[in-house]
Amino acid sequence: MSCLFCKIIEGSIPSAAIYQDELCYAFADINPQAPVHLLVVPREHIVSLAEAGKDHLPLLGHLLGAAAEIARSKDLPKGYRVVVNTGEDGGQTVGHLHLHLLGGRPLAWPPG
Ligand code: 5GP
Ligand code: ZN
């Protein structure tokens with residue numbers, strides 16, 4: 001298994017766990033871009049949102065719901081952002097689908 005996030009989920013690479021359930025695992029980003037910067041990843045290895053199929057729709061909803069639940073557990077009264085970088089132009093650097101949950105400061109728009 002060569003996937004970085006599969007290794008993190010499996011525990012062979014350490015991470016700061018924030019939340020986990022039967023379908024997903026959430027942990028702190030190693031290079032935070034905001035006071036709160038977490039990654040929510042499915043336990044299933046899916047390369048990116050572009051590779052997710054109709055069968056994955058319930059899982060995608062679960063991931064979004066988990067991100068919202070985690071955000072509720074953080075102190076983010078002014079809001080937050082959920083980002084899914086997808087593919088080369090989308091700025092994806094790890095080939096295992098993941099949601100970024102960013103918050104704790106005003107986030108500029110549009111992104112770079
Ligand atoms: P992407 O650029 O693919 O959207 O996001 C990948 C994220 O994974 C980046 O924000 C990067 O900081 C984070 N990351 C890369 N390697 C590690 C690691 O070993 N541990 C953790 N916790 N995060 C990582
Ligand atoms: Zn993986």
Side-chain angles (χ1 to χ4, degrees):
M1 187 221 302
S2 62
C3 171
L4 175 67
F5 286 176
C6 282
K7 287 179 181 160
I8 285 177
I9 292 163
E10 182 239 16
S12 60
I13 292 178
S15 63
I18 306 292
Y19 168 86
Q20 53 187 315
D21 62 29
E22 71 284 8
L23 294 177
C24 70
Y25 182 72
F27 54 100
D29 195 293
I30 202 168
N31 183 23
Q33 301 301 310
V36 174
H37 186 176
L38 312 176
L39 301 171
V40 184
V41 306
R43 292 187 183 277
E44 178 181 347
H45 179 87
I46 303 166
V47 172
S48 81
L49 190 59
E51 274 78 22
K54 284 198 172 134
D55 289 353
H56 291 118
L57 286 177
L59 175 60
L60 294 175
H62 184 90
L63 295 173
L64 207 50
E69 191 61 36
I70 295 163
R72 274 189 286 273
S73 77
K74 300 289 170 187
D75 187 26
L76 298 171
K78 295 168 97 174
Y80 56 88
R81 184 174 294 167
V82 175
V83 176
V84 185
N85 294 330
T86 303
E88 189 181 347
D89 275 4
Q92 184 177 4
T93 59
V94 176
H96 182 131
L97 173 66
H98 52 282
L99 280 60
H100 294 257
L101 170 62
L102 296 141
R105 67 168 173 85
L107 298 161
W109 191 265

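Start at 1 with the first residue, then count along the sequence. Ligands are counted one by one from 1 in listed order, and the atoms in each one are counted from 1 as well.
- Heavy-atom proximity to atom 13 (C) of ligand 1, evaluated over I8, D29, V41, L99, is greatest for D29.
- For L38 against A28, the heavy-atom pair with the smallest separation is CD2-CA, 3.9 Å.
- Under 4.0 Å from ligand 1, heavy atoms of V94 appear from its side chain as well as its backbone.
- When hydrophobic clusters are built by joining Ile, Leu, Val, Met, Phe, Trp and Tyr residues whose side-chain heavy atoms come closer than 4.5 Å, directly or via intermediates, L101 is grouped together with I18.
- Distances below 4.0 Å separate heavy atoms of N31 from the following atoms of ligand 1: 12 (O).
- I9 and L97 are assigned to two separate hydrophobic clusters, defined by single-linkage of ILVMFWY side chains at heavy-atom distances under 4.5 Å.
- R81 places a side-chain N or O within 3.5 Å of a backbone atom of L107 that can act as its donor or acceptor partner.
- In plain terms, the two heavy atoms of L76 and G104 that are nearest each other are CD2-N, 3.4 Å.
- At the shortest separation from atom 23 (N) of ligand 1 among protein heavy atoms lies I30 N, 3.2 Å.
- Near F27, with a cut-off below 4.0 Å to any heavy atom, the atoms of ligand 1 are 21 (C), 22 (N).
- Numbered from 1 in the order shown, with element, the atoms of ligand 1 that lie under 4.0 Å from a heavy atom of T93 read 1 (P), 2 (O), 3 (O), 5 (O), 6 (C).
- Residue-ligand proximity, H98 to ligand 1, at heavy-atom distances under 4.0 Å covers atoms 1 (P), 3 (O), 4 (O), 5 (O), 6 (C).
- For the residue pair N85 and H98, no side-chain donor N or O sits within less than 3.5 Å of a side-chain acceptor on the partner.
- Contact of the H100 side chain with the D29 side chain is registered, since non-hydrogen atoms from C-beta on lie closer than 4.5 Å.
- Between the side chains of Y25 and S15, at least one donor-acceptor pair of N or O atoms lies under 3.5 Å.
- Counting heavy atoms under 4.0 Å from ligand 1, residue A16 does not touch it at all.
- Residues T86 and S48 share a closest heavy-atom pair of CG2-OG, 3.8 Å.
- Nearest N, O or S atom of H45 to the Zn ion (ligand 2): atom ND1.
- For H96, the N, O or S atom closest to the Zn ion (ligand 2) goes by the atom name ND1.
- Each of the following atoms of ligand 1 lies closer than 4.0 Å to a heavy atom of Q92: 3 (O).
- Each of the following atoms of ligand 1 lies closer than 4.0 Å to a heavy atom of F5: 8 (O).
- In terms of protein heavy atoms, atom 22 (N) of ligand 1 is closest to A28 O, 2.9 Å.
- Taking 4.0 Å as the cut-off, L39 counts as a neighbour of ligand 1 on heavy-atom distance.
- Contact check for V94 versus L39: no side-chain heavy atoms found under the 4.5 Å cut-off.
- With a 4.0 Å heavy-atom cut-off, ligand 1 is reached by no atom of V83.
- A perpendicular orientation is assigned to the rings of F5 and F27, their planes being inclined by more than 60° (bins at 30° and 60°).
- Looking at atom 16 (N) of ligand 1, its nearest protein heavy atom turns out to be L4 CD2, 3.3 Å.
- Taking the Zn ion (ligand 2) as the corner point, the angle from C3 atom SG to C6 atom SG is about 120° (rounded to 10 degrees).
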